Amino acid sequence: MTTTVLIVDDQVLVRAGLAALVRAAPGLDVAGEAATGEEAVELAARHRPDVVLMDIRLPGISGIAALERILADAVEPKPKVVMLTVFDLDQYVYAALKAGASGFLLKDTPPERLLTAVELIADGELLFAPSVTRRLVETFAHRADPTRRRTTGLDALTDRETHVLHLVGQGLTNEDVATRLVVTVATVKTHLNRVMSKLGLTSRAQAVVVAYESGLVTPGESP
């Protein structure tokens, strides 16, 4: 089965290089190429790629705005959106994770690692260790205006679902959570899927952001 990738970058040489890399990889193909956020939204709706590889900073509408529109307009299964950035601790990366990005890659990522990352994200995995997500979220979540913290929706969760979200927010993997709760990994996935459905989330990274911004997890809290 072929995984299709939409490539979005305003630099033609970067875009062409990524496209050539994807086309040469077994099991991957290019769904389209876009130079702006507007083009990305249009092509994502037209071609329904499995993965969108998109620069976080674009002319016109930003990569984050394009991400939000792509996910809002997409039918199931929604594409996995991976943001390309220069700095891992970038406030724009945090905003992208909050908006529903499935992960991010640095622009100097080696070709082999980039291709592996695309394959992993297509299978629903994270592109970075949970600890990296946690470090990024901790860096920016505490800067948010406390009066604007997101709390709505958490009361819809069961006690077990809230506990699972708390542990995921602390950076634990599904296996770690299963061990902590003495349940199967499949049970953890079921609880997490219900959490994401009830809160309208599209990625695990987004769940980590919500856990912090709701106050369920506090910066520096030990798992």
Side-chain angles (χ1 to χ4, degrees), residues 1 3 49-52 64 67-68 70-83 88 93-105 116-142 144 149-223:
M1 183 176 178
T3 296
D50 299 306
V51 176
V52 179
I64 297 171
L67 158 69
E68 292 174 332
I70 288 171
L71 293 180
D73 296 344
V75 297
E76 297 292 346
K78 294 179 183 290
K80 307 292 186 182
V81 182
V82 181
M83 308 305 291
D88 57 350
V93 173
Y94 172 71
L97 295 179
K98 184 175 177 179
S102 294
F104 66 90
L105 286 171
T116 299
V118 169
E119 294 169 352
L120 287 174
I121 202 65
D123 289 335
E125 300 292 336
L126 290 175
L127 288 186
F128 36 76
S131 59
V132 176
T133 309
R134 184 183 180 191
R135 179 169 61 94
L136 178 71
V137 174
E138 284 193 350
T139 300
F140 293 101
H142 74 282
R149 286 194 172 182
R150 202 190 217 169
T151 56
T152 58
L154 293 187
D155 55 354
L157 304 181
T158 65
D159 290 344
R160 180 48 63 95
E161 289 165 354
T162 301
H163 196 180
V164 168
L165 177 59
H166 185 203
L167 295 175
V168 168
Q170 289 179 309
L172 274 66
T173 64
N174 287 345
E175 290 75 12
D176 293 333
V177 175
T179 299
R180 183 73 63 87
L181 300 181
V182 195
V183 296
T184 66
V185 172
T187 297
V188 172
K189 290 181 178 179
T190 297
H191 286 309
L192 184 56
N193 286 337
R194 287 174 179 165
V195 168
M196 294 174 67
S197 177
K198 288 181 178 180
L199 299 183
L201 308 178
T202 58
S203 73
R204 186 189 188 96
Q206 204 174 18
V208 175
V209 171
V210 170
Y212 273 88
E213 292 201 337
S214 66
L216 190 61
V217 177
T218 57
E221 181 178 332
S222 178

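The chain is numbered in sequence order, starting from 1. Just so it is clear, the structure is predicted and the values come from calculations on it, not from any experiment.
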Considering residues at least two apart in sequence or located in another chain, which fulfil the salt bridge (charged side-chain N to carboxylate O under 4.0 Å, His left out) criterion with Glu68? none
Would Val168 and Val188 count as a side-chain contact (heavy atoms from CB on, under 4.5 Å) here? Give the steps. CA-CA 10 Å; Val168 168; Val188 172; 5.6 Å; no
Tell me every residue that passes side-chain contact (heavy atoms from CB on, under 4.5 Å) with Thr158, counting only those two or more places apart in sequence or in another chain. Arg160, Glu161, Lys198
Thr3/Glu119 under side-chain contact (heavy atoms from CB on, under 4.5 Å): CA gap, chis, key distance, verdict: CA-CA 8 Å; Thr3 296; Glu119 294 169 352; over 6 Å; no
Test log, rule side-chain contact (heavy atoms from CB on, under 4.5 Å), inputs Val164 and Leu157: CA-CA 10 Å; Val164 168; Leu157 304 181; over 6 Å; no
Using modelled atom types and a 3.5 Å cut-off, is there a donor and acceptor pairing between side-chain atoms of Ser203 and backbone atoms of Ala101? yes
Listed by chain and number, what are the side-chain hydrogen bond (donor to acceptor under 3.5 Å, both in side chains) partners of Thr202, not counting sequence neighbours? Gln206
Can you tell if the side chain of Val52 reaches within under 4.5 Å of the side chain of Val82, non-hydrogen atoms only? no
Applying side-chain contact (heavy atoms from CB on, under 4.5 Å) to Ala211 and not counting sequence neighbours gives Leu165, Val217
Single hit among Leu216, Val209, Val210 for side chain to side chain contact (heavy atoms under 4.5 Å, CB included) with Glu213: Val209
Among all residues two or more places apart in sequence or in another chain, which pass the side-chain hydrogen bond (donor to acceptor under 3.5 Å, both in side chains) test with Thr184? Thr187
Would you say that Ile121 contacts Ser102 through its side chain, given a criterion of any heavy-atom pair below 4.5 Å between the two side chains? yes
His166 side chain near Thr162 side chain, heavy-atom distance below 4.5 Å: no
Has the side chain of Ser197 got a donor or acceptor atom that lies under 3.5 Å from a matching backbone atom of Asn193? no
Are any of the side-chain heavy atoms of Pro79 and Asp50 separated by less than 4.5 Å? no
Non-hydrogen side-chain atoms of Leu192 and Arg204 separated by less than 4.5 Å: yes
In this structure, CG of Leu67 is separated from CE of Met83 (nearest 0.5 Å) by 5.5 Å
Can you name the residues that form a salt bridge (charged side-chain N to carboxylate O under 4.0 Å, His left out) with Lys189, not counting sequence neighbours? none
Testing the 3.5 Å rule here: is there a donor-acceptor pair between the side chains of Asp176 and Thr179? no
